[in-house]
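First up is the structure itself, then whatever we jot down about it.
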Protein chains: 2
Amino acid sequence: MGNTVSIKDIARKFKCAPSTISRALNDHPMINIDTRKTIQEYANKIGYQKNTISLSLLNHCSKTLGVIIPSISHYHETAIIEGLEAILQPAGYLLNICVTNESHALEREYLDRLVANRVDAICISLSQETFDYSLNEHIDLAISRSLPIIFMDRFYHALDVDRVITDDFKGAFMATEHLIQMGCQRIAHLHGPRGITVSQQRFKGYEACLKKYGRNVEDELVKQVMFSPESAVEATKFLLDQKAKPDGIFAVNDEVCFGAMKVIQERNYKIPEDIALVGFDDIPLAAFAPIALSSVSRQSKKIGEQSAQLFLSKMNGISDHQQVTLEPELIIRESSQRNHYS
Amino acid sequence: MGNTVSIKDIARKFKCAPSTISRALNDHPMINIDTRKTIQEYANKIGYQKNTISLSLLNHCSKTLGVIIPSISHYHETAIIEGLEAILQPAGYLLNICVTNESHALEREYLDRLVANRVDAICISLSQETFDYSLNEHIDLAISRSLPIIFMDRFYHALDVDRVITDDFKGAFMATEHLIQMGCQRIAHLHGPRGITVSQQRFKGYEACLKKYGRNVEDELVKQVMFSPESAVEATKFLLDQKAKPDGIFAVNDEVCFGAMKVIQERNYKIPEDIALVGFDDIPLAAFAPIALSSVSRQSKKIGEQSAQLFLSKMNGISDHQQVTLEPELIIRESSQRNHYS
DNA sequence: GATTCAATTGCAAACGTTTGCGTAATTTTT
DNA sequence: AAAAATTACGCAAACGTTTGCAATTGAATC
């Protein structure tokens, strides 16, 4: 705090102007080579550290990226952050990470603070509340002051924004089709929280696939859950309590599958023989579930990487909006591998 | 970028000095109540946002905390971040989160950048490399410029630093003792990566407990793993290949237990009857493991909360170093619950 | 010896905000 | 009516750095 040394301090030491020190430290050819070296060595010795804040003020550029996410407790989100960091660290950027807990109020506040901090751009995954009530004035305001905003996963505009998403519809379609090919006749769906694009898209993919094979969505085979195993317990019990039980379940994510497995095994059904199971996200523990879990990978880390690259390309002057859609990948493991085909 | 409005712009609009605008916006009583309101309304209308950067420059305080962690892919680390955020968001702070991937070089670089960015303090969990080779000049340098540094989990100094840790030794002791009370005769340990305090402390707790009960650590019952289920597979096979197999395993963390369970079940041993299992961290999926997993909770979120509070207390002028040690808690589930006592 | 040129270095403004102090203008007190 | 007090605002410096331009120095040219 008190003992940070500035360029002025060094200037006093050398009895010269701050500008000379600045140029010397930046290896400006205008400064005599010898004085340059002397100054650099001295600065090094006393551990001088350039004050980036003054630079930010001067250059209108903070070399910092704001990240707003609803949660940080799932593999998907941490992988996104890892992806962002993998690209932006070498580029000299720091990350300001803000977790909204799905709260719109917090999202607004964080957005304001990031703007006040003059981050160079914001990567955001909208909160559920923002979604539910289409509360997007804060986003519009940020966009209107031409702050680059990159949407990840969840976005509210169809056009005119930058975004990186995975094709959840397609992923859900693939998962459902796989269950059909494994001979499942009654495929249930553990539906994610309402209002979130990701949940909706996965349901639509499930629906579309059933339709393609001449089947209909049966209301009693679709049950809503949160993104946690706990919430899946009750929902799975509900499904298993139906007169005509499902023989396949496509769940909105892998954590939910862990909850579902617990219930299925308690009731002594066999996975995948009695009930086949496919999740979403391909979390690291998926392969180590009670029965190794089939899952749709949405390349979470790549979402972060692509968002970062999209940001960098904007910094380089590419101004038209880009929309990147990543391909999901179905990873088949024991929980759905029946070895008999329909 | 271009269209951000400053206090000077507003001053021009009102044909007055910037200082008047500043005071008006800060509700300074020196300014006439009416002009104050007028200016505030105008600022509000055009969406004026105070430039925090200039304030940071002025006040030598950035309202930002640097966080350096080796990884972000486990529950423990994300919970720490949640804890930090829970306390620091209401206090008006933002988090600069840096993930080192256990690399010393990256840790150095991030530390430098955070210093250059004049964060108000740094919460750090040292990288494995920093640990292995005791490379701590960068830390010493940061401390020497009286930047508050708070160590989480891993630290290198015994004294004279601020730190928040969990009593890993005690947690490991509790876990081992629990296995002994469940009647285990040969208790193995899946040892974490060498050089990391957490691994060492947990081993020592295991060792001390065995000693207390008149047993010795047997080399062939201690196998080293990484913090992942994959790495546990081979290690567990090694343990099960011993002439005298273990009938209890204490593992360095829960992910490792998932890997171990896979192997144990493949070999048709029963958990907990043949082999009882206890992990560490109490991750959210622990209760949903193939056999609900007993685990030692180290109150990860609380580590973040306490670190944040320690930081705030330092900001309030408390200058002597504080060392907080949290109590671990043993959560007993099926994987170790044998219902028969020795 | 005066002039030009190149090589170094200093000056000052700029980024956006706050704040102590000075100064008008207005009101109150004597 | 003069003096004192109050109210409301402006000036300028400060935070740390960069950068265009001016200024100084010394050497080289005519």
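Sequence lines set the chain letters: A, B, ... in the order given, protein chains first and strands last, and positions in each chain run from 1.
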As a test of reading the structure: which of dT17(C), dT8(C), dT17(D) is closest to the side chain of Asn32(A), going by heavy atoms? dT8(C)
Between dC15(D) (C1') and Asp9(A) (CG): distance, integer Å: 12 Å
Of Met30(A) and Lys15(B), the one whose nearest nucleotide on DNA chain D sits closer to the 5' end is Lys15(B)
Separation of atom NE2 in His60(B) from atom C1' in dG16(C), rounded to whole Å: 15 Å
Looking for any heavy atom pair under 4.0 Å, which part of the strands does Ser22(B) touch: base, sugar-phosphate only, or nothing? base
For Tyr48(B), report the nucleic acid contact type (base, sugar-phosphate, nothing); a contact means any heavy atom under 4.0 Å. sugar-phosphate
Minimum-distance nucleotide (side-chain atoms of Ala17(A) versus dG16(C), dG16(D), dC11(C)): dC11(C)
What is the separation between atom CG on Leu25(B) and atom P on dC9(D), rounded to the nearest whole Å? 14 Å
To the nearest Å, give me how far apart CD1 (Ile21(B)) and P (dA8(D)) are. 16 Å
What's the CD1-P distance between Ile7(A) and dT19(D), to the nearest Å? 11 Å
Just checking, is any N or O donor in the side chain of Asp27(B) or Gln40(B) under 3.5 Å from an acceptor N or O on the other one? yes
Out of Ser125(B), Ser300(B), Ser71(B), which one pairs with His76(B) under the side-chain hydrogen bond (donor to acceptor under 3.5 Å, both in side chains) rule? Ser300(B)
Among dC9(D), dC11(D), dT18(D), the one nearest any side-chain atom of Lys50(A) is dT18(D)
Between Lys37(B) and Asp34(B), does any side-chain N to carboxylate O distance fall below 4.0 Å? no
Regarding dC11(D), can its base be found pairing with the side chain of Ser19(B) as donor and acceptor, where the two atoms are less than 3.5 Å apart? yes
Under 4.0 angstrom, heavy atoms only, what part of the nucleic acid is Asn59(B) near: base, sugar-phosphate, or nothing? nothing
How about NZ on Lys302(B), more than 12 heavy atoms from neighbouring residues, nucleotides or ligands closer than 6.0 Å, or not? no
Picking from dC9(D), dC15(C), dG10(C), the nucleotide nearest the side-chain atoms of Leu57(A) would be dC15(C)
If you look at every strand shown and take non-hydrogen atoms under 4.0 Å, does Ser56(A) touch a base, only sugar-phosphate, or nothing? nothing
Of all the nucleotides listed (dC11(D), dT9(C), dT18(D)), which has the minimum atom distance to the side chain of Arg23(B)? dC11(D)
Give a yes/no answer on whether the side chain of Asn26(B) brings an N or O atom under 4.0 Å of OP1 or OP2 in dT18(C). yes
Starting at atom NE2 of His28(A), determine the distance to atom P of dT8(C), rounded to an integer number of angstrom. 13 Å
Categorize Leu58(B) for me: base, sugar-phosphate, or nothing, with a 4.0 angstrom heavy-atom threshold over every strand shown. base
Please determine whether side chain to side chain contact (heavy atoms under 4.5 Å, CB included) holds for the pair Ile39(A) and Ile21(A), giving the CA-CA distance in whole Å, both sets of side-chain angles, and the decisive distance to 0.1 Å. CA-CA 7 Å; Ile39(A) 292 175; Ile21(A) 307 294; 3.8 Å; yes
Measure CD1/Ile53(B) against P/dA14(C) and give the value in whole Å, please. 19 Å
Regarding the side chain of Lys8(A), the nearest nucleotide among dG10(C), dC15(D), dG20(C) is dC15(D)
Regarding Glu109(A) and Gln89(B), is there a side-chain donor-to-acceptor distance under 3.5 Å anywhere? yes
Here's a test of your reading of the structure: between Gln49(B) and Pro18(A), which maps to the more 5' nucleotide of DNA chain C? Pro18(A)
Proximal nucleotide (of dT17(D), dG16(C), dC11(D)) relative to the Ser54(A) side chain: dT17(D)
To the nearest angstrom, the CG-C1' distance between Asn51(A) and dG16(C) comes to 14 Å
